[in-house]
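For reference, the structure discussed in these notes is given below.
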Amino acid sequence: MYFSKLFIPTLKESPADADVISHKLMVRAGMIRQLASGIYSILPLGLRVLRKAEQIIREEMNQIGGQEVFLPSIQPAELWMESKRWDFYGKELLRIKDRHGREFCYGPTHEEVITDIVRKEVKSYRQLPILLYQIQTKFRDEVRPRFGVMRGREFMMKDAYSFHVDEKDTQHTYHQMAKAYTNIFERCGLKFKQVQADSGTIGGSFSHEFMVLAESGEDEIGFCKTCGYASNLELAESKPPLPTSADAAASATVPQDMKEVATPGKKSVAEVAGFLKLTARQIVKTILLENENGLVAGLVRGDHEINPIKMKNLLGCEWLHPANEETFSKHRELHRGYIGPIGLDFPIYADREVSVLHDFVIGANKPSAHFTGVQVQRDLKIEKFGDIKAVRAKDPCPRCEDGEYEVKRGIEVGHIFILGNKYSSAMNAVFLDQHGEENAMIMGCYGIGVGRTVAAAIEQSNDERGIIWPRNLAPFQVIVIPVNYSNGDLQNVCDTIYRRLHEAGIETLLDDRPNRLGVKLNDADLIGIPLQIIVGEKNLSAGKVEIKIRATHESSLHPYPQVIEDIPNILRNNSFPATP
RNA sequence: CGGGAUGUAGCGCAGCCUGGUAGCGCACUUGCUUCGGGAGUAAGGGGCCGGAGGUUCAAAUCCUCUCAUCCCGACCA
């Protein structure tokens, strides 16, 4: 392509409303423009990259037997009522009415639509399993869109759905899918981790996320370098407690009696600990939460934090969130800073770490007072102990002897789930098995944020001059830059290089614009083309052209026209990921 | 939805406090010079100061209301 014919509106300055690097660079490189909050137009250069990612995804999906479909973006409310998500999905679901007043939504995901298709057409175990996927834009009316296309409201997503006769067969596809995802993100040149994940509102039993490691990531992942265990931090397991020597010493002595002590104005753990001359781990915090059944309390050691998601999973409830101001004003008997597990009329759950403590401090459920010398078995009534504390860096690994957690930030680019029969049961997607019995299909679903993957690649690979594309995502492999295209000799040479590379199947851009060299070089760096061929009079008079590697800034002189033959090799040796 | 901020030319911003003919840089147009890392010079074009209402002789500037966008927190690919 000739640069002058392409619509690539590059910018010198970053737009004021972008603050992550990928967003800034995508705008500056002329890949995207914002239309409304969280809604972006994709310009030609951006689309080329997006298509690269899509194509990689397509190939890997087809490889494991996926079949591509194209599904409606506008979906009738009835379908969502069947799955019960019309009410459950909340405001994130963009609801619209047609001229007859019938209710629809703009699809945020397509479980309902795909299940509807399959239930109508698939009746026998002989037709299973089936794996369908789509690559389309979806819409989620995010509370707060941010970070450009990383968290837009309208976004390009690959979603695959599989239907099976049983859980075992679903797992088989699940594992194939995990492998396909690994291939995809490797081909995109990304540094990523596959981690254990929560299944969130999609529902289901078993789930992993694919996280691209990046400082700007919205998620935290915990992983163990020793054994390889990795999990989203919101779900990360902690190691069961081992009594420390201090705990052992305490249990060897006579347990203290429980005593009420005055702690005027001391509300936080740090204040209470300081006041009573104790350490934070000798205090037990009582955290108030609410779920669909009302209030619950969670107990964790004073130097720990509670993890509401792990607690929600322990309780098996629909939802759970920390009590808010409203709750406190409704329950006048609860005193912030002095809440304790004694005398509450709702269930109390405690972290496992609490079970090995002795002689600890709790709130006394009245202002300015705490109990000391508390013993778990003697004094407290605990519904259930479980792993509900939040994991932190340096915590011991739950899966191996002496590994410890390392914590890094990540961008969630892929998420795979085993859904079980949640949708098939609700929507009556059933089949007849060998014995003529009717069963609900078992489903899996597997998503990749395509735009987010592209943004993640930029987050991971850029410098002060602009984007550095991994070869497989690069919109062009090579850019030919004449120092002065209006010079007839240079023009000839550039046209020849361009034509021959093009014929060799190498995507090449020729910057034929009448700009000064500096402008062209800066744009080439900004849009991140892996290889720059700079053609100028001085070098050409010695029979050479300059080749510059975008990623490393290395530049070298090569004999013309031999260089044309050498380009494929140079590309191979200087791009990442290494191509076979 | 709570907290914070910003809307002035295509982009980035100043002007607002202390009302008085709307400015700067980049980009754009034309001429001359320049031409290997975002050129110099001269001349130009382009704005109902987000919108509505109010105060005032007079509003980008003060007041009220609205809309939009961004940032920080609770949700998600």
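Throughout, protein chains are lettered first and strands after them, A, B, ... in sequence-line order, and every chain is numbered starting at 1.
- Across all strands shown, B/C57 forms a Watson-Crick or G-U wobble pair, both distances under 3.5 Å, with B/G20.
- When distances are taken from the side chain of A/D219 to each of B/C76, B/A77, B/G12, the shortest belongs to B/C76.
- Between the NZ atom of A/K91 and the C1' atom of B/A74 there is a distance of 13 Å, rounded to whole Å.
- Spacing of P atoms, B/C49 relative to B/A22, comes out at 9 Å, to the nearest Å.
- Nucleotides B/G19 and B/A9 are separated by 23 Å at their C1' atoms, to the nearest Å.
- Residue contacts for A/S14: at a heavy-atom cut-off of 4.0 Å it reaches the sugar-phosphate backbone alone, with no base atom in range.
- Taking the six-membered ring where the residue is Trp, A/H208 and A/Y174 present tilted rings, their angle falling between 30° and 60°.
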Can you tabulate the close N/O pairs, meaning under 3.5 Å, that link protein atoms to atoms of nucleotides 34-40 of chain B?
{"unit_1": "B/U34", "atom_1": "O2", "unit_2": "A/R516", "atom_2": "NH1", "d": "2.9"}
{"unit_1": "B/G36", "atom_1": "O6", "unit_2": "A/G536", "atom_2": "N", "d": "3.4"}
{"unit_1": "B/G36", "atom_1": "O6", "unit_2": "A/G536", "atom_2": "O", "d": "3.2"}
{"unit_1": "B/G36", "atom_1": "O6", "unit_2": "A/E537", "atom_2": "N", "d": "3.3"}
{"unit_1": "B/G36", "atom_1": "O6", "unit_2": "A/K538", "atom_2": "N", "d": "3.4"}
{"unit_1": "B/G36", "atom_1": "O6", "unit_2": "A/N539", "atom_2": "N", "d": "3.4"}
{"unit_1": "B/G36", "atom_1": "N1", "unit_2": "A/N539", "atom_2": "ND2", "d": "3.1"}
{"unit_1": "B/G36", "atom_1": "N2", "unit_2": "A/E546", "atom_2": "OE1", "d": "2.2"}
{"unit_1": "B/G37", "atom_1": "O6", "unit_2": "A/K548", "atom_2": "NZ", "d": "2.1"}
{"unit_1": "B/G37", "atom_1": "N1", "unit_2": "A/K548", "atom_2": "NZ", "d": "3.3"}
{"unit_1": "B/G37", "atom_1": "N2", "unit_2": "A/R465", "atom_2": "NE", "d": "3.3"}
{"unit_1": "B/G37", "atom_1": "N2", "unit_2": "A/R465", "atom_2": "NH2", "d": "2.1"}
{"unit_1": "B/G37", "atom_1": "N2", "unit_2": "A/N522", "atom_2": "OD1", "d": "3.3"}
{"unit_1": "B/G37", "atom_1": "N2", "unit_2": "A/D525", "atom_2": "OD2", "d": "2.9"}
{"unit_1": "B/G38", "atom_1": "O4'", "unit_2": "A/N522", "atom_2": "ND2", "d": "3.2"}
{"unit_1": "B/G38", "atom_1": "O2'", "unit_2": "A/K12", "atom_2": "NZ", "d": "3.4"}
{"unit_1": "B/G38", "atom_1": "N9", "unit_2": "A/N522", "atom_2": "ND2", "d": "3.4"}
{"unit_1": "B/A39", "atom_1": "OP2", "unit_2": "A/R516", "atom_2": "NE", "d": "2.9"}
{"unit_1": "B/A39", "atom_1": "N9", "unit_2": "A/R516", "atom_2": "NH1", "d": "3.3"}

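- The aromatic rings of A/Y485 and A/Y2 lie perpendicular to each other, with more than 60° between the two planes, well past the 30° mark.
- Side-chain atoms of A/Q460 come within 3.5 Å of backbone N or O of A/K191 as a donor-acceptor pair.
- In this structure, B/A5 forms a base pair with B/U69, meeting either the Watson-Crick or the G-U wobble geometry with both donor-acceptor distances under 3.5 Å.
- No close placement of the A/Y446 and A/Y133 rings is indicated, their centers lying 6.0 Å or farther apart.
- Nucleic acid contact class of A/G90 (heavy atoms, under 4.0 Å, all strands): none.
- At the phosphate of B/C72, OP1 or OP2 sits under 4.0 Å from a side-chain N or O atom of A/R144.
- Distance CE (A/M211) to P (B/A77): 10 Å, rounded to an integer number of Å.
- The side chain of A/V143 approaches B/C1 more closely than any other nucleotide in the set B/U69, B/A77, B/C1.
- Residue A/Y89 contributes atom OH, which lies 8 Å from atom P of B/C76 at whole-angstrom precision.
- Under the Watson-Crick or G-U wobble criterion, with both distances below 3.5 Å, B/U64 is paired with B/A52.
- Taking atom CZ of A/R33 as the reference point, atom C1' of B/U69 lies 16 Å away to the nearest angstrom.
- Between the NZ atom of A/K312 and the C1' atom of B/A74 there is a distance of 15 Å, given to the nearest Å.
- Rounded to the nearest Å, the gap between the P atom of B/A60 and that of B/G51 is 11 Å.
- For the residue pair A/R95 / A/Y89, no side-chain donor-acceptor distance below 3.5 Å is found, with atom types taken as modelled.
- One donor-acceptor pair, N or O on each side, does fall under 3.5 Å between the base of B/C76 and the side chain of A/R151.
- Base contact: A/E142 has a heavy atom under 4.0 Å from a base atom.
- Among the protein residues, A/V413 comes within range of the sugar-phosphate backbone only, with heavy atoms under 4.0 Å from sugar or phosphate atoms but none that close to a base.
- Pairing of B/U41, defined by two Watson-Crick or G-U wobble distances under 3.5 Å, is identified with B/G31.
- Across all strands shown, A/G152 has heavy atoms under 4.0 Å from base atoms, whether or not it also approaches the sugar-phosphate.
- Remark: C1' of B/C76 and CG of A/L93 are 14 Å apart, rounded to the nearest angstrom.
- Look at A/H321 and you won't find any side-chain N or O under 4.0 angstrom from OP1 or OP2 of B/A74.
- When atom types are taken as modelled, the side chain of A/D463 and the backbone of A/G466 share a donor-acceptor pair closer than 3.5 angstrom.
- B/U64 sits 15 Å from B/G4 when the P atoms are compared, rounded to a whole Å.
- Annotation: cation-pi pair A/R140/A/F155 absent, no NZ/CZ under 6.0 Å from the ring centroid and within 45° of its normal.
- Mapping A/G449 and A/D17 onto RNA chain B by nearest heavy atom places A/D17 closer to the 5' end of the strand.
- Distance, A/Q34 CD to B/A68 C1': 11 Å, rounded to whole Å.
- Comparing B/U55 with B/A68, their C1' atoms sit 26 Å apart, to the nearest whole Å.
- B/C76 is unpaired under the Watson-Crick or G-U wobble criterion, no partner having all donor-acceptor distances under 3.5 Å.
- Across all strands, A/E412 comes closer than 4.0 Å only to sugar-phosphate atoms, never to a base (heavy-atom distances).
- For B/C11, the paired base is B/G25 (Watson-Crick or G-U wobble, both distances below 3.5 Å).
- Heavy atoms of A/P322 sit nowhere under 4.0 angstrom from any nucleic acid atom.
- Atom P of B/U8 sits at a distance of 14 Å from the matching atom of B/U61, rounded to the whole Å.
- Side-chain N/O atoms of A/S37 include none lying less than 4.0 angstrom from OP1 or OP2 on B/A68.
- By the 6.0 Å and 45° rule, A/K520 does not stack over the aromatic ring of A/F3.
- For the pair A/H208 NE2 and B/A77 P, the computed distance is 15 Å after rounding to whole Å.
- Listed candidates were B/A77, B/G12, B/C76. Nearest to the side chain of A/E13 is B/G12.
- Spacing between B/G53 and B/A58 at atom P, rounded to whole Å, works out to 15 Å.
- A donor-acceptor pair shorter than 3.5 Å cannot be found between the side chains of A/N484 and A/E537.
- Taking the six-membered ring for Trp and thresholds of 30 and 60 degrees, A/Y181 and A/F185 have ring planes more than 60 degrees apart, a perpendicular arrangement.
- When the P atom is compared between B/U18 and B/G23, the two are found 24 Å apart, to the nearest whole Å.
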